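Residue numbers count from 1 along this sequence. Whatever order the structure lists ligands and atoms in, that order sets their numbers, starting from 1. Predicted, not measured: the structure shown is a model, and the values here were computed from it.
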Amino acid sequence: MALVLPEFDLARFNTLASPARARAYMSVASREELVEALQFAREHSLPILPLGGGSNIVLREDFPGLVVHIKMRGIELVHETQEHLWVRAQAGENWHEFVLYCLAMGWYGLENLSLIPGSVGAAPIQNIGAYGVELDSVFAELTALEVASRLAVTFDGDGCGFGYRDSVFKQRLKDQYIICDVTFKLNKTAHLRIDYPALAERLAAIPRDALTAEQVSAAVCAIRREKLPDPETIPNAGSFFKNPVVPANHFEALRSRYPDIVGYPQADGKVKLAAAWLIDRAGWKGVSEGNVAVHSQQALVLTNPGRAYGEELLFLAERIRASVRQTYDVELEIEPRIYP
Ligand SMILES: Cc1cc2nc3c(=O)[nH]c(=O)nc-3n(C[C@H](O)[C@H](O)[C@H](O)COP(=O)(O)OP(=O)(O)OC[C@H]3O[C@@H](n4cnc5c(N)ncnc54)[C@H](O)[C@@H]3O)c2cc1C
């Protein structure tokens, strides 16, 4: 059985570097060890926190339960046709290393999702997305263990209920499954997606017919390194808020007051607003309070330079939410999962 470590310091295992402790911690490298961890939690009536790279969690205070660190590794090609490949990665694989591995193998489709921190197993939880691509566009299926029965269940795309930074695992099935592996449907020839403005601009000098998936990946990495603080030097959890979606008439009313407001029309007629714009214009960009701050180059990113407990960051987040609500009558939703 995997070792159970009591009173475990999680500071190194969350990108906000909050010094929270877990009552107990287990690192699991196989499905059998995962089952043992779930049994242990049940026997001791401990709540569970499945942990990947810790890049999308806020540890408000100490976690009074069992942290199960998902460390299963392995990548395999499970099926192929003339055009497509089905590639299965275990949940504990590092996401960006997996993307680079696929690129090196000539398996295409993940390039826009380069350099997103975290693990493969957490990627479907919020349907990760960046630079015009979301995980659901390359998703085939996943296997997860049901926490209650410890039995394996397969979910296809419909079963996952993917949405914008959302899935059934954040909603109806929250806390009920632990993802063990994810299978992706990738392409043998690259179908490059460079419609996202910053990416198109960065790649403008390369003729379209000469452009490679490796160049797209490198461009995405370069833009990300310029725009986002590296959690190793400035602790952060990426975007702290989701981009809010409002009815078209609300957007029009805002636009008459703020002609340069940023909005993206959605298929259902609503408009997605840029949360960064709202926060910036409400005067929060670069604001620093105690141990925490709003990043000076990207208002959507809250940082924790003083390595405080998540509670301090959440206090700042609530003040930003109240200010955005008061200024624009728009509700901001926090993106990372808050524990406990
Ligand atoms: C600098 C920075 C940039 C980022 N940029 C982006 C971006 O461009 N796009 C984007 O979508 N996200 C982005 N993120 C957020 C984050 O990288 C993703 O959400 C990522 O998928 C989280 O992976 P993780 O392994 O670190 O998850 P964790 O933080 O460890 O966990 C997140 C949630 O998933 C659960 N979980 C983790 N693994 C499993 C599992 N195997 N089974 C069940 N539940 C599990 C956890 O319990 C928790 O609730 C960024 C974060 C940072 C710090």
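Remark: minimum distance from atom 21 (O) of ligand 1 to any protein heavy atom is reached at Ile128 CG2, 3.3 Å. Scanning the protein for heavy atoms near atom 48 (C) of ligand 1, the closest one is Tyr339 OH, 3.5 Å. Annotation: atom 8 (O) of ligand 1 to nearest protein heavy atom, Arg224 NH1, 2.9 Å. The protein heavy atom nearest to atom 27 (O) of ligand 1 is Ala122 CB, 3.3 Å. Considering only non-hydrogen protein atoms, atom 16 (C) of ligand 1 sits nearest to Ser55 OG, 3.3 Å. Of the protein's heavy atoms, Ile179 N, 2.8 Å lies nearest to atom 42 (N) of ligand 1. In this structure, atom 20 (C) of ligand 1 lies nearest to the protein heavy atom Pro117 O, 3.5 Å.
Both Val182 and Phe155 are members of a single hydrophobic cluster when ILVMFWY side chains are connected at heavy-atom separations under 4.5 Å. In the hydrophobic clustering of this structure, Leu3 groups with Phe8; members are Ile, Leu, Val, Met, Phe, Trp, Tyr whose side-chain heavy atoms approach within less than 4.5 Å, directly or through other members.
Remark: distances from the non-hydrogen atoms of Tyr131 to ligand 1 are all 4.0 Å or more. At least one heavy atom of Arg165 sits closer than 4.0 Å to an atom of ligand 1. The shell of residues lying under 4.0 angstrom from ligand 1, judged by heavy atoms, excludes Trp95. The shell of residues lying under 4.0 angstrom from ligand 1, judged by heavy atoms, excludes Glu134.
Between Glu311 and Arg60 no salt bridge is recorded (no basic side-chain N to carboxylate O distance below 4.0 Å). With respect to the salt-bridge test (charged N to carboxylate O, under 4.0 angstrom), the residues Arg165 and Glu333 do not qualify.
Within ligand 1, counting atoms from 1 as listed, the ones closer than 4.0 Å to a heavy atom of Ala130 are 8 (O). Applying the 4.0 Å criterion to heavy atoms of Tyr177 picks out, from ligand 1, the atoms 43 (C).
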* To do: Start with the C-alpha gap between Thr143 and Asp181, add the side-chain angles, then the distance that decides, and say whether side-chain hydrogen bond (donor to acceptor under 3.5 Å, both in side chains) holds.
  => CA-CA 5 Å; Thr143 316; Asp181 60 61; 2.9 Å; yes
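With a 4.0 Å heavy-atom cut-off, ligand 1 is reached by the backbone of Asn236 and by its side chain too. Heavy atoms of Phe169 found under 4.0 angstrom from ligand 1: none, in either backbone or side chain. Looking at Ile125 against ligand 1, only its side chain comes within 4.0 Å, counting heavy atoms.
Considering only heavy atoms from C-beta on, Asn127 stays 4.5 Å or farther from Tyr164 through its side chain.
The ring of Tyr264 has its center no closer than 6.0 angstrom to the ring center of Trp277.
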